[in-house]
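Both ligands and their constituent atoms are indexed starting at 1 by order of listing. Fair warning: this is a prediction, and the values are worked out from it, not measured in the lab. Residue numbers count from 1 along this sequence.
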Amino acid sequence: MTYTNPALTVVSDEVTPGALRWRSPSNIALVKYWGKHGNQLPQNASVSLTLDAAATDTTLHYRPRRETGAGVDVTLYFHGKVNEGFTERTRRFLEGLLPIYPFLRQLSLRIDTTNSFPHSAGIASSASGMSALALCLVSLEEALFEPLPNADAFFRKASYLARLGSGSACRSVYGPAAVWGTVSGLPESSEEYAVGIADRIHPVFQSYHDDILLVSRSEKSVSSRAGHGLMEQNPYAPARYAQANQRTREMLDILRRGDTEKFGQVLESEALTLHALMMSSQPYYTLIEPNTLHVINILQQYRRETQHPVHFTLDAGPNVHLLYPDAIAEDVTRFIQDHLLHFCEDRQYLADRVGKGPHQLKVDETSGV
Ligand code: DP6
């Protein structure tokens with residue numbers, strides 16, 4: 001599929017300044033995307049639950065550009081202040097989209113973005129941030145040109161654009177769960193965008209919790225981008241990609257049946273496999289910390305004692321996500337407070353749960369271009 005469209009240009013004088021706003025959540029991968037090829041295409045399929053509280057709120061302001069230059073004219077404000085680093089990353093992303101959206105060169109853009117979770121919480125914001133921006137861009141296309149034929153086409157295009165910004169972001173445009181990558185038995189699935197799987201999720205998983213234990217809030221020593229790159233030389237890569245594809249199919253079946261035990265087994269093995277891939281890269285590296293392992297050991301002991309289906313997963317970092325059904329939420333909250341906060345930086349954790357996906361918001365009238 002290609003969205004390339006040289007005809008999408010505007011007559012600058014005819015553009016009335018405006019703004020669009022979306023709130024988009026983060027997501028937690030159950031089967032992990034780790035390794036890519038071509039232009040941001042995944043080496044294997046992945047599946048995630050969409051979160052609720054951890055989200056990015058983005059407003060995209062646009063007006064005609066006085067003189068159309070070669071690149072894109074954009075400034076990004078993060079929590080009200082110009083952020084040079086994010087502006088640069090966003091400019092590169094938008095310039096990469098010029099074959100799809102040539103009109104981006106003809107506008108002056110200002111992006112106002114805020115995260116619901118504290119900055120430097122050790123929570124990756126690229127999934128929520130890139131998906132919120134991609135949704136604003138598709139809304140901008142609709143504001144300047146024709147509406148897309150239907151909601152499916154709208155979200156598919158947003159997912160495609162989000163993927164070009166950050167792979168995992170393409171899964172955030174759907175709640176409560178999404179699959180990215182080609183999966184046999186899921187004919188609409190694709191490497192180029194994620195698909196929503198709301199109608200294949202057992203109710204027990206639709207109200208699942210994800211409590212994120214902030215073991216460390218420092219910057220990662222190796223970025224995800226670099227980590228994906230190291231998979232190219234990893235001797236275990238071919239076996240890993242085959243395993244992840246197989247596990248994606250398995251996880252889809254588990255999510256449909258509501259099997260919380262099998263869910264936990266695949267979930268935990270995926271987390272440890274991800275970190276084993278980092279440890280077996282050249283150069284090798286570790287992102288987990290001693291407290292990550294303390295939390296995991298205490299959790300496993302708690303599970304043996306209580307038989308509660310509460311399981312862990314990890315992203316590319318030391319923080320531990322605890323996933324569990326709503327029915328045991330009170331017990332698990334007490335367990336975290338009594339036994340796990342001690343391992344978290346400043347005793348911090350974020351209580352989140354599975355959410356319904358992004359939504360468009362009214363633009364705050366006080367914030368102009
Ligand atoms: C471990 O999506 O952050 O969270 O495509 O380079 O932006 P880029 O990488 P990114 O990688 C996420 C990796 C992961 C697993 C996952 O979310 O599937």
Main-chain N/O of T59 paired with W22 side-chain donor or acceptor, under 3.5 Å: no
Taking a cutoff of less than 4.0 Å between a non-hydrogen atom of the residue and any ligand atom, is K36 in contact with ligand 1? yes
Of the listed options K32, H275, R171, R163, closest to atom 17 (O) of ligand 1 (non-hydrogen atoms): R171
Between Q206 (side chain only) and I201 (backbone N and O only), is there a donor and an acceptor less than 3.5 Å apart? yes
Numbered atoms of ligand 1 (with element) below 4.0 Å of L274, judged on heavy atoms: 1 (C)
Can you check whether V266's main-chain N or O pairs, donor with acceptor, with S269's side chain at less than 3.5 Å? no
So for ligand 1, is G167 a polar contact partner (N or O within less than 3.5 Å, distance only)? yes
Whether N245 side chain and Y241 backbone form a donor-acceptor pair below 3.5 Å: yes
Short side-chain to backbone donor-acceptor contact, E270 and V31, under 3.5 Å: no
Give a yes or no on whether Q233 atom CD has more than 12 heavy-atom contacts from other residues, nucleotides or ligands under 6.0 Å away. no
Counting only heavy atoms, which portion of A29 has something under 4.0 Å from ligand 1: side chain, backbone, both, or neither? side chain
N or O contact, Y33 vs ligand 1, cut-off under 3.5 Å: yes
Which atoms of ligand 1 sit under 4.0 Å from any heavy atom of D315? 4 (O)
Is there any N or O on W34 that sits under 3.5 Å from an N or O of ligand 1? no
